[in-house]
Every structure is written in structure tokens, then in C-alpha cells.
Number of protein chains: 2
Amino acid sequence: MGVTKTEVFTDEHNRIAELAKAFAHPARVAILQLLAQKKACVCGDLVDELPLAQATVSQHLKELKRIGIIKGEINPPRVCYCINEAVWQEARELFGSVLDTFTPNNCC
Amino acid sequence: MGVTKTEVFTDEHNRIAELAKAFAHPARVAILQLLAQKKACVCGDLVDELPLAQATVSQHLKELKRIGIIKGEINPPRVCYCINEAVWQEARELFGSVLDTFTPNNCC
DNA sequence: GATTGTGATCGCAATATTACGATAAAAGTA
DNA sequence: TACTTTTATCGTAATATTGCGATCACAATC
């Protein structure tokens, strides 16, 4: 297999998993952090900051765009990437909804 | 390839990515939520709650245990799984450290 | 000592991910 | 039109992940 059975899980669980995937690779964490702190924005600048080939960075950007957490604005010959504020907020809320509902137990 | 170049990223970025992986699959989100809300604890109960085979659930539990976000206590013939509070807190802090440092921009 | 209940592990198949060189695409510039 | 710059995409290779049936391991119980 290798294919996740998304259809048997709730939409919320699938969405949380998808948003978590955005952060589930160190390069993507680095990209998101650079964009969030506005230390970079243009694709080429991100490539300069990251120890990865241009093709690889572009691929990660594509995945982040697919998830929706970033958006790109073409500014020939450059492309400027930015955090999608609404989705960023969605991530905060969904992660919070899971992480904040932990009640310590004495079960084990 | 298929192998992440962890050595070229910071420890923090790698750790965030690893913790995010815990949430990067809907089954694991469901497991973590069940444990956080204490609606299940024993492995068998988790299997009953999830639409996956026992072997698959066990594998996800192993991965969560490897990451450290859950711990298991053997209680023959059962095994009781619980959230590792310290790591749960670590996740909250690290995710927060990224998600809270977003300053809206007017770049694009 | 055989049986039972519970969970871990093995082995396999299928798909996904990561990485990168090479090349294409797009739009401006000479 | 040719050239340059920047980014996307293609193709490929290697490794990782997901899923499950079958089996193993362990301790309790009969």
C-alpha cells in the first residue's frame, strides 16, 4: 500500500494531518519560518537560505501551496511567496483544538 | 532518494518536523485525540475505535512512541498507552514558537 | 503443560516522499 | 530575434510510509 485511507477518517482529522504535513519536514519548517518572519519572500532568496537544490525547494513550495498555507504572486521574473493568513490561523486553531484538550490522567 | 537531509537543518527544525509527523496522519491524530481525552488508553480499545487493522494501529503507536509523544505501560495482557505530558508540552511550545511569530506583511 | 487473550513483529505489496540534474517556460532586456 | 534571469516541471533514483495477513511472544488461566 503506502496510501492513506483518508475516506475512513473525519474531515477534521484529515485536515489536521494535512496541515501538520506542512510542518513535517525541516525544510518546510524553515521555509514557513522565513516567510512568517518576512526574512525572505522571493523564491530565489529562499533557495539561497536553504541547503537544497532549486528544484527541491520549488517542490516543497508547491506542496505548501497545495496545502494552502502559502500563496505565490508572480512578479516577473520573480515569484513572491507569502503566508496565507487565513490558513495559518486555521492551523493555529486546529492544532490548538487538539493540543489544548489534554487532561492529565493517572491511568499510567 | 526519499531520505530527508536532516544533518543540514537545525536541531529545532528537525524536532519540529518530527513532532509534526506525529500529527501528519489522520489515524495518529485520532489516536492522540483519544488518548488526550482519555477516551481510550488500552491498545485494544484504540483498535476498536479505529477503522484499521490491529497491526496497523500497533505500527502507528510504535511511531508515536518513537517520537516520544506517548508512552506505554505494560499491564498484562494489556498495554496502556498515555500521552507523555512533557513532550506534549514541548509540541505546544515549538508549534507555538513558529505559529505565533507571524507578522502580517504587505509584500504580496 | 495446553490454552487463551492481547499486542508486537515479520514480510510483503503498493504508493508516497525526497532529492536533484536537466530542461522547459515565461517575460523582460539587449 | 537572441539572450538572460528566474522559476516550474520532467524524469529518475533511492528511501519512507501505509496497510494488512500471518505469526510470534508473553503472561495469565485452565
Side-chain angles (χ1 to χ4, degrees), chain A residues 1-9 13-14 17-31 34-35 40-67 70-82 108, chain B residues 1-9 13-14 17-31 34-35 40-67 70-82 108:
Chain A
M1 308 250 153
V3 70
T4 297
K5 295 172 73 181
T6 52
E7 69 282 0
V8 298
F9 297 104
H13 286 167
N14 280 314
E18 188 161 60
L19 287 170
K21 255 191 200 171
F23 295 87
H25 189 288
R28 292 198 291 268
V29 174
I31 290 172
L34 286 167
L35 294 183
C41 177
V42 173
C43 176
D45 293 345
L46 291 169
V47 173
D48 290 344
E49 293 288 334
L50 297 169
L52 295 171
Q54 181 266 326
T56 308
V57 173
S58 191
Q59 202 170 269
H60 281 302
L61 288 169
K62 185 182 180 183
E63 175 66 6
L64 291 173
K65 214 159 52 170
R66 188 192 64 74
I67 293 167
I70 66 168
K71 51 188 174 181
E73 187 176 273
I74 296 167
N75 205 332
R78 282 151 230 270
V79 176
C80 172
Y81 285 101
C82 286
C108 51
Chain B
M1 309 249 153
V3 69
T4 297
K5 294 172 74 181
T6 52
E7 69 282 0
V8 297
F9 298 104
H13 286 166
N14 280 314
E18 188 161 60
L19 287 170
K21 253 191 201 171
F23 295 88
H25 189 288
R28 291 199 291 269
V29 174
I31 290 171
L34 285 167
L35 294 183
C41 177
V42 174
C43 176
D45 295 345
L46 291 169
V47 174
D48 290 343
E49 294 287 334
L50 297 170
L52 295 172
Q54 182 265 326
T56 307
V57 173
S58 191
Q59 201 170 271
H60 281 303
L61 288 168
K62 186 182 180 182
E63 175 65 5
L64 291 173
K65 213 159 53 171
R66 187 191 64 75
I67 293 167
I70 67 169
K71 51 189 174 180
E73 187 175 273
I74 296 166
N75 205 333
R78 283 151 229 268
V79 176
C80 172
Y81 284 101
C82 287
C108 53

* To do: Evaluate salt bridge (Lys or Arg N to Asp or Glu O under 4.0 Å) for Lys21(A) paired with Glu18(A), printing each intermediate quantity in order.
  => CA-CA 5 Å; Lys21(A) 255 191 200 171; Glu18(A) 188 161 60; over 6 Å; no

Between [atom2] of [N] and [atom1] of [X], the distance in whole Å:
X: Leu46(A); N: dT7(D); atom1: CG; atom2: P; result: 9 Å
X: Ile67(A); N: dA16(C); atom1: CD1; atom2: C1'; result: 13 Å
X: Leu61(A); N: dT6(D); atom1: CG; atom2: P; result: 16 Å
X: Lys62(B); N: dT6(C); atom1: NZ; atom2: C1'; result: 17 Å
X: Leu64(B); N: dA8(C); atom1: CG; atom2: P; result: 12 Å
X: Gln54(B); N: dC10(C); atom1: CD; atom2: P; result: 14 Å
X: Glu7(B); N: dA19(C); atom1: CD; atom2: C1'; result: 12 Å
X: Arg66(A); N: dT18(C); atom1: CZ; atom2: P; result: 11 Å

* Of the listed nucleotides dT6(D), dT18(C), dC20(D), the one nearest the side chain of His25(A) -> dT18(C)

* Structure fact -> Which of dT17(D), dT17(C), dG19(D) is nearest the side chain of Leu52(B)? It is dG19(D)

* Nearest-nucleotide comparison on DNA chain C, the residue closer to the 5′ end among Val3(B) and Asp45(B) -> Asp45(B)

* Structure fact -> Of Lys5(B) and Pro76(A), the one whose nearest nucleotide on DNA chain C sits closer to the 5' end is Lys5(B)

Is the shortest side-chain N/O distance from [X] to OP1 or OP2 of [N] below 4.0 Å?
X: Thr56(A); N: dC20(C); value: yes
X: Ser58(B); N: dG7(C); value: no
X: Lys21(B); N: dA16(D); value: no
X: His60(A); N: dT17(C); value: no
X: Arg78(A); N: dG28(C); value: no

* Asked: Looking at dA8(C), does its base get a donor-acceptor pair with the side chain of Gln59(B) below 3.5 Å?
  -> no

* So what does Val47(A) touch, heavy atoms closer than 4.0 Å: a base, only the sugar-phosphate, or nothing? -> nothing

* Structure fact -> In this structure, CD1 of Ile70(A) is separated from CZ of Arg28(A) (nearest 0.5 Å) by 10.5 Å

* **Any side-chain heavy-atom pair of Glu63(B) and His60(B) under 4.5 Å** => no

* To do: Map Thr4(B) and Ala55(A) onto DNA chain D by nearest heavy atom, then report which one ends up closer to the 5' terminus.
  => Ala55(A)

* Asked: Just one of Val47(A), Val57(A), Leu46(A) clears the side-chain contact (heavy atoms from CB on, under 4.5 Å) bar with Leu52(A), so which one?
  -> Val57(A)

* Should the SG-SG distance of Cys43(B) and Cys80(B) be recorded as below 2.5 Å? -> no

